[in-house]
Amino acid sequence: VQVLPGVYQLNGLPYNSMQNTFLVHRDGATIVIDSGDFEQIESLPAIQQRAMRWGVPFDQVSHLFVTHEHFDHASHAAEMQRRGARVVASPESAEAMAASDLRSVAWDHDRVFEPCIVDDVLSDDQQMTIGGLTVKCIAAPGHCDGAVIYELVLDGEICWFIGDLLYTRGFVGPELATLSWTGAVDFDKAKSVETLKQLNERPCDHLFPTHGTPVIGSAKAVLGRALHYALVAWR
Ligand SMILES: [Zn+2]
């Protein structure tokens, strides 16, 4: 499913699956943001096929950006690395992915996380340029310590790939936004609220969450709603 020019959703609700994978193929760059399995379903072959529908062989993917180390968003990292992609993550997520410990939440999917040594570690406010694309990392701790957002400015519009910062319509209900899963060993309520507060101060046009539908054009309303819920539930 093409969501914006050159931005494709390769997994998630349109494919009757739970977790999103995004491909950005434009401006001389081919990158993937988040790729993992949910429970027992092996999703990487299907994701590759869907990329091919848009004429993108997966061996063209130069970088996999991981928003956080959770199994359903990062379990393909080691395999994609073997196929030539460089894996990018925050320092905390890189440590968790190498350790393959409880932080990967593979236990919640009854699976084992294949350890992965991250190639490029990006900290808060650092950016990487790939072809004509610049990807900026924004720390977003709370859901887990390593959680980050990747910001891309496409055609002058600010796109945030937000991982499990919040869920959007269709995943756990019809609400504009719902709070994300709180079962991670390093989930932190206070950090979650602070992250949502800070993000609400920044400009953003579009949201690409790992669960639920992308939000095109009303990012601020969704972020505001999530902060409202977090203030009620997590203070
Ligand atoms: Zn998560």
Side-chain angles (χ1 to χ4, degrees), residues 9-13 17-22 32-41 43-44 47 64-78 80 87-116 118 122 124 137-150 160-173 175 177-196 199 207-215 222-223 226-227 229-230 233-234:
Q9 185 176 347
L10 300 181
N11 209 3
L13 292 172
S17 63
M18 305 287 273
Q19 75 284 26
N20 295 334
T21 287
F22 295 104
V32 166
I33 299 116
D34 289 325
S35 196
D37 289 332
F38 201 95
E39 297 176 346
Q40 304 307 318
I41 300 164
S43 57
L44 189 55
I47 287 170
L64 168 68
F65 286 82
V66 175
T67 59
H68 63 298
E69 67 271 20
H70 289 170
F71 187 86
D72 47 341
H73 313 302
S75 67
H76 297 158
M80 287 185 64
V87 177
V88 186
S90 69
E92 297 85 354
S93 289
E95 194 201 306
M97 289 167 70
S100 178
D101 57 17
L102 289 176
R103 288 172 290 179
S104 76
V105 302
W107 49 269
D108 193 45
H109 299 273
D110 211 11
R111 294 278 295 269
V112 174
F113 187 94
E114 184 180 356
C116 176
V118 165
L122 272 193
D124 184 36
C137 176
I138 302 171
H143 177 70
C144 60
D145 276 340
V148 298
I149 288 169
Y150 295 112
W160 280 0
F161 294 83
I162 60 171
D164 281 3
L165 175 75
L166 53 85
Y167 299 152
T168 59
R169 286 185 207 275
F171 187 61
V172 288
E175 298 87 1
T178 47
L179 297 177
S180 57
W181 184 69
T182 59
V185 288
D186 50 353
F187 165 70
D188 190 297
K189 288 181 185 178
K191 285 182 188 170
S192 297
V193 171
E194 188 54 34
T195 288
L196 283 165
L199 293 174
L207 299 178
F208 295 84
T210 38
H211 298 290
T213 59
V215 174
V222 171
L223 286 163
L227 173 58
Y229 289 149
W234 289 345

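Just follow the structure's listing: the first ligand is 1, and inside any ligand the first atom is 1.
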Verify the ring-centre separation between Phe171 and Trp181: is it less than 6.0 angstrom? no
Taking the side chain as every heavy atom from C-beta outward, state whether Cys144 and Glu92 have any pair of such atoms under 4.5 Å apart. no
Kindly confirm whether the Zn ion (ligand 1) is within less than 2.8 Å of some N/O/S atom in His73? no
Any N/O/S atom of His143 sitting less than 2.8 Å from the Zn ion (ligand 1), backbone or side chain? yes
Would you mind naming the N, O or S atom of His70 nearest to the Zn ion (ligand 1)? ND1
Which single N/O/S atom of Asp164 lies at minimum distance from the Zn ion (ligand 1)? OD2
Inspect the contact between Arg103 and Asp145 and indicate whether a charged nitrogen and a carboxylate oxygen are less than 4.0 angstrom apart. no
Are the aromatic rings of Phe161 and Phe65 close, with centres under 6.0 Å apart? no
Could you tell me if the side chain of Asp164 sits less than 4.5 Å from the side chain of His211, heavy atoms only? yes
Among the N, O or S atoms that His68 has, which is closest to the Zn ion (ligand 1)? NE2
